[in-house]
Amino acid sequence: MSENDAVEGLRQVRESVRRAASDYGRDPAEITLVAVSKTFPAEAIEPVLAAGQRVFGENYVQEAKAKWPALRERYPDVELHMIGPLQSNKAKEAVELFDVIHTLDRPSLAEALAKEIARQGRRPRLLVQVNTGEEPQKGGVIPTEVDAFLEACRSRYALEIDGLMCIPPAEDPPSPHFALLNTIAKRHGLPWLSMGMSADFDAAIQLGATHVRVGSAIFGARPRPPK
Ligand SMILES: *Cc1c(COP(=O)(O)O)cnc(C)c1O
């Protein structure tokens, strides 16, 4: 995909987000488009920055660290979101680099992030990932354990949580998962809902998404990761 294709992809996705907001009676200003740039090099991201996009998602700390500091020198108002699984031993770099972390899902990571936030005096916004499909290979807190985990984040680690994130199972219709995430967030008064990707962000917006994470619809197909 050429650079112009990514700019055209961005334009179309923005338009679809606006249309979905209007269809479902949502205020478009409540919906943040996170452009997922994982696996794409700085040269592919640059035109999307030049077209005005400022919020980006990455899955790997090392990759983000290699790409973003230089891009940020030219675009200091970039907001960087960590949307991939996070190892506790990467907490230091994650707190340094990211403005929002979507994948907090266990006490050891909460502890590591709390320690780095205190040490660095830098406080990324935090979302708890929920494994709504209870898939063993996927990160996230299972739905019945979310209440206890949120309580531990607040009382034991003094972490303020802004919302919830989910990735529905690939083989399921996504809407029941989005609805469940919305129900859990409401119960806890959490304002942010990170849900919806290229294939299903329309349904996610219908069910209350405040952050949609869209990669391939903007940047094109990603190469398959090596096995
Ligand atoms: C890669 C990824 C996305 C973007 O997926 P697309 O289908 O390319 O839009 C969104 N969220 C997470 C957690 C991802 O890993």
Side-chain angles (χ1 to χ4, degrees), residues 1 5-17 20 31-41 44-45 48 53 55-65 67-68 79-87 90 94 97-106 109 124-142 162-175 177-178 180-182 185 192-227:
M1 201 182 232
D5 289 339
V7 171
E8 175 57 19
L10 175 69
R11 193 193 63 74
Q12 287 179 10
V13 169
R14 279 182 173 162
E15 179 52 34
S16 301
V17 168
I31 301 160
T32 300
L33 171 61
V34 181
V36 177
S37 47
K38 66 179 174 207
T39 77
F40 289 96
I45 300 172
V48 174
Q53 177 67 22
V55 183
F56 290 84
E58 290 282 348
N59 282 56
Y60 311 99
V61 172
Q62 293 317 313
E63 182 188 338
K65 217 179 143 181
K67 288 191 312 203
W68 282 99
E79 192 182 294
L80 210 52
H81 292 232
M82 175 59 178
I83 64 168
L86 183 57
Q87 292 171 270
K90 299 270 167 59
L97 193 58
F98 291 101
D99 302 293
V100 184
I101 295 172
H102 292 229
T103 49
L104 172 55
D105 66 352
R106 57 195 190 279
L109 181 58
R125 315 287 297 260
L126 300 173
L127 292 89
V128 166
Q129 182 176 354
V130 182
N131 189 350
T132 56
E134 305 193 25
E135 296 172 282
Q137 81 284 9
K138 202 170 265 176
V141 182
I142 65 168
D162 289 293
L164 303 178
M165 175 270 214
C166 77
I167 310 169
E171 66 280 7
D172 278 11
S175 288
H177 296 272
F178 297 155
L180 173 61
L181 200 71
N182 190 332
W192 287 3
L193 275 176
S194 166
M195 56 191 199
M197 318 197 332
S198 290
D200 54 20
F201 65 82
D202 186 277
I205 290 170
Q206 181 176 20
L207 291 163
T210 61
H211 294 72
V212 293
R213 310 177 309 264
V214 180
S216 46
I218 297 172
F219 290 101
R222 287 179 294 274
R224 277 173 70 85
K227 285 244 168 76

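Fair warning: this is a prediction, and the values are worked out from it, not measured in the lab. Atoms within each ligand, like the ligands themselves, are counted from 1 in listed order.
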Could you tell me the residue and atom name of the protein heavy atom closest to [atom], and the distance to it rounded to 0.1 Å?
atom	value
atom 11 (N) of ligand 1	R213 NE, 2.8 Å
atom 9 (O) of ligand 1	S198 OG, 2.5 Å
atom 14 (C) of ligand 1	K38 NZ, 3.0 Å
atom 10 (C) of ligand 1	M197 SD, 3.3 Å
atom 12 (C) of ligand 1	I83 CD1, 3.5 Å

[X] neighbourhood, listing ligand 1 atoms whose heavy-atom distance to it stays under 4.0 Å:
X	value
I167	13 (C)
N59	14 (C), 15 (O)
V214	9 (O)

Would you say that V61 contacts Q87 through its side chain, given a criterion of any heavy-atom pair below 4.5 Å between the two side chains?
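Sidechains of Q87 and V61: no contact.
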Just wondering, do R222 and F40 contact through their side chains at under 4.5 Å, heavy atoms?
yes
Interatomic distance, I167 atom CD1 to S194 atom OG [nearest 0.5 angstrom]:
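Here the rounded value is 8.5 Å.
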Quick one: CE on M82 to OH on Y60, what's the gap to the nearest 0.5 Å?
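M82 CE to Y60 OH: 9.0 Å, rounded to 0.5 Å.
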Kindly give the heavy-atom pair with the smallest separation between L10 and I218, and that separation in Å.
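Taking L10 first and I218 second, the nearest heavy atoms are N-CG2, 4.0 Å.
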Less than 3.5 Å between some nitrogen or oxygen of V36 and one of ligand 1, yes or no?
no
Out of M195, M197, H177, which residue meets the side chain to side chain contact (heavy atoms under 4.5 Å, CB included) rule with P168?
H177
Please confirm whether the backbone N or O of K138 pairs with a side-chain atom of N131, one donor and one acceptor, at under 3.5 Å?
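Yes; judged by distance alone, with no hydrogens or angles, the pair exists.
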Between ligand 1 and H102, can you find any atom pair, the residue atom being a heavy atom, that is separated by under 4.0 Å?
no
